[in-house]
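What follows is a short report on a single structure.
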Amino acid sequence: MTSTLTPQPVERAQPARTGAVARRRTRVLALPEARWAAAATVLFLLALPLQLTGAPAWTWGPLYALSYVTGGWEPGWEGLKALKDRTLDVDLLMVVAALGAAAIGQVMDGALLIVIFATSGALEALATARTADSVRGLLDLAPATATRLGPDGGEQAVAVEELTVGDIVLVRPGERVGADGRVLDGASEVDQATITGEPLPVPKERGDEVFAGTLNGTGALRVRVERDASDSVIARIVRMVQEASETKAPTQLFIEKVEQRYSLGMVAATLAVFLVPLAFGAQLTDALLRAMTFMIVASPCAVVLATMPPLLSAIANAGRHGVLVKSAVVMERLGQVDAVALDKTGTLTEGSPQVTDVRPLPGSGLDEGELLTLAAAAERPSEHPLARAVVDAARERGLDLPDARDFTSAPGVGVTAVVGGRTVAVGAPARLLDAAEGTAVKPEEFGPTAAELEESGRTAVLVVVDGTPAGLLGIADRLRPDAAATVASLARLTGSAPVLLTGDNPRAAAHLAAEAGIDDVRAGLLPQDKLDAVRELESAGRKVLVVGDGVNDAPALAAAHTGIAMGRAGSDLALETADAVVVRDELAAVPATVALSRRARRLVVQNLVIAGVFIAGLVVWDLAGDLPLPLGVAGHEGSTVLVGLNGLRLLREGAWQRAAAGESS
């Protein structure tokens, strides 16, 4: 037993950070945009039934007016500031159109437009705030303090920010590593899934690298610090997510790409419709009425609704089937992807180790059930993930586990216990062999079977009974049942097979990729490597969809054209950074959502054509003839209703079923 396990008197220094503050998610109503949007919506919903039931105007008129103020002042103010910078913001145009509608008696239409835009702004602000919360919360993975060892072996608790390169720190069992460094002494197994995504703890001994924020197992480690806290892998992940989010090209809906020209053209045309007849002697009232009619029939309300209902209907339909798409922009972008990068652990796989093989050795006298019973009984007191997998496998088979005595656990080696009067050792073959040096254990007795399991991507676990190898267990992270079908669907939708990006070892990654039907495998990747792989694909002109679930996937999710997180075991950072979340953890929902997005995009184009035809016809009628205001409003509202109903087709269950069946074209 190493000296690191010997307790030393600890000098408790006052850390720079006193008391860890629990990370809090930004509440919706903590955002002013959300409060104003909520107020506008409530006022609108109070006024609408009063108006529809024929109540006096004095009962609903002030409510609509307050809805205009609460929902419209902020986009209006932002639009005025943009106008100062010589740009015409579509939000300002919407406010003007809403006020114009109110001026000629269409108060409800204008209020509805205000509510739509206020709600959209609130959702955008909430998404931004939640992402910032998660990026800050990632830093909580690293402990606030670490135990620094002095030259005389004395211990001192210091803030991790005070650690410098060359310091020696002690990491006790169950603690998180305080800094990136290299093991000087001790042996343990470290869970570094937050960094690499590997599902199983990694054995660490002298000379091995460890990362800040990873979780130590049952052994104690003495670690030399090799990076400052500001340059640790965790800190770099935070910076990569922030930089990727900031440098990601601004996303816009299709109609917003022409908003400047449309807005300027509409304003200029409205002024011309008012001023030109006035200059030729028309009456002020007639000229104003014609101009207001023009503003109503040419206003982009129908165009906005042409775009939003299909996308919002697709979002609602996906939500009913367990996929949370965070905005209409995301739903539109999902249909544009032409390349897919998949994480392995927790995405293609179930994310937890499972016993896949039980191999009694010839001459052991044990069958599969007896071998598994002995191994599970010995492993039951252990908290190691592999031990839990063995015990779970025995319980699934209905095996009765006898009590174990004299249980001992050697970090990085395995466990030993007495089961039914027999001494049972369970652990890694090579390490058990080293520990049993000088005994009758011979590698040739189990070597070929262990090699076969490891070549097939399994982790081999040796079971030794009374000093004699009795059998091996194969343990692996099991592929999701729908993984192969999902990979095939994504390949069909995008025209190219997905890429596998994983921090796991190349052998396990290659075996699993072959099962899933993936040829392009990139293994042993750190978060920066995954980010570089995504940027490499995008530099080739691809629009990349990244599907992942861990902290190590967050930079790639942020940088990708679109990111989807698996929800069941997804980290907070991955869930907030991603553009969509598969809440039910069904991988097959990913291609279905992409296909649904493509259907929504086609309906958007249809609706824009319908809206354009109506607007053009009404505008020509108003300019070339004498379009009565009620008829203009009816035509405008009719086109709005028509495109809205067309977009609502994606709410039907059949739309999801066709998307899930791969009917995207």
Side-chain angles (χ1 to χ4, degrees), residues 189 199-201 349-410 413-433 435-436 439-481 483 505 507-508 511-512 514-515:
E189 290 181 321
L200 301 177
T349 70
E350 295 177 351
S352 59
Q354 309 277 342
V355 173
T356 57
D357 301 83
V358 181
R359 304 278 189 88
L361 293 175
S364 66
L366 301 176
D367 60 21
E368 290 188 6
E370 292 169 335
L371 177 65
L372 186 56
T373 297
L374 290 174
E379 291 274 28
R380 185 161 54 171
S382 174
E383 295 182 355
H384 194 284
L386 289 182
R388 291 197 294 269
V390 173
V391 174
D392 288 344
R395 287 174 175 163
E396 287 175 5
R397 297 190 182 199
L399 301 177
D400 293 326
L401 301 184
D403 293 333
R405 298 184 294 104
D406 302 331
F407 172 83
T408 60
S409 175
V413 179
V415 304
T416 303
V418 176
V419 180
R422 310 172 76 178
T423 301
V424 180
V426 185
R431 294 176 181 269
L432 276 184
L433 188 64
T439 68
V441 177
K442 298 177 182 179
E444 57 268 20
E445 296 178 13
F446 59 84
T449 304
E452 178 190 345
L453 289 172
E454 291 175 350
E455 284 297 325
S456 64
R458 271 69 167 162
T459 296
V461 175
L462 176 64
V463 182
V464 177
V465 180
D466 291 332
T468 302
L472 291 111
L473 306 178
I475 299 179
D477 187 8
R478 194 159 51 195
L479 192 71
R480 290 177 185 266
N505 68 80
R507 186 166 53 193
H511 177 78
L512 185 135
E515 288 187 55

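For clarity, every value in this text was computed on a predicted model and none was experimentally measured.
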Do R380 and P402 touch side chain to side chain, with heavy atoms closer than 4.5 Å?
-> no
Of the non-hydrogen atoms in L462 and G471, which two are nearest, and what is the gap between them?
-> CD1-O, 3.5 Å
Taking all non-hydrogen atoms of both residues into account, name the closest pair between G369 and L399 and its distance.
-> O-CD1, 3.7 Å
Is the shortest heavy-atom distance from the side chain of V390 to the side chain of L372 under 4.5 Å?
-> yes
Starting at CZ of R478, measure out to OG1 of T349 and round the result to the nearest 0.5 Å.
-> 10.5 Å
Measuring from L472:CG to T449:OG1, what's the distance to the nearest 0.5 Å?
-> 6.0 Å
Rounding to 0.5 Å, atoms CG (L473) and OG1 (T459) come to a distance of 11.5 Å
Looking only at heavy atoms, the pair that brings A389 and V355 closest together is O-CG2, 3.6 Å
Can you name the residues that form a side chain to side chain contact (heavy atoms under 4.5 Å, CB included) with R388, not counting sequence neighbours?
-> E383, P385
Heavy atoms of A378 and V419 approach each other most closely as N-CG2, 4.0 Å
Taking the side chain from D466 and the backbone from T423, do they hold a donor-acceptor pair closer than 3.5 Å?
-> yes
Between the CG atom in L401 and the CD atom in E379, the distance rounded to the nearest 0.5 Å is 11.5 Å
Could you go through the side chain to side chain contact (heavy atoms under 4.5 Å, CB included) check for V426 and L386 one step at a time?
-> CA-CA 10 Å; V426 185; L386 289 182; over 6 Å; no
Show me, pair by pair, the donor-acceptor contacts under 3.5 angstrom made by side chains of residues 356-365, not counting sequence neighbours?
residue : atom : partner : partner atom : Å
T356    : OG1  : R458    : NE           : 3.1
T356    : OG1  : G474    : O            : 3.1
D357    : OD1  : R458    : NE           : 3.2
R359    : NH2  : E452    : OE2          : 3.4
S364    : OG   : L361    : O            : 2.8
S364    : OG   : L366    : N            : 3.3
S364    : OG   : A470    : O            : 3.4

What are the two closest non-hydrogen atoms of A377 and A404, and how far apart are they?
-> O-CB, 3.5 Å
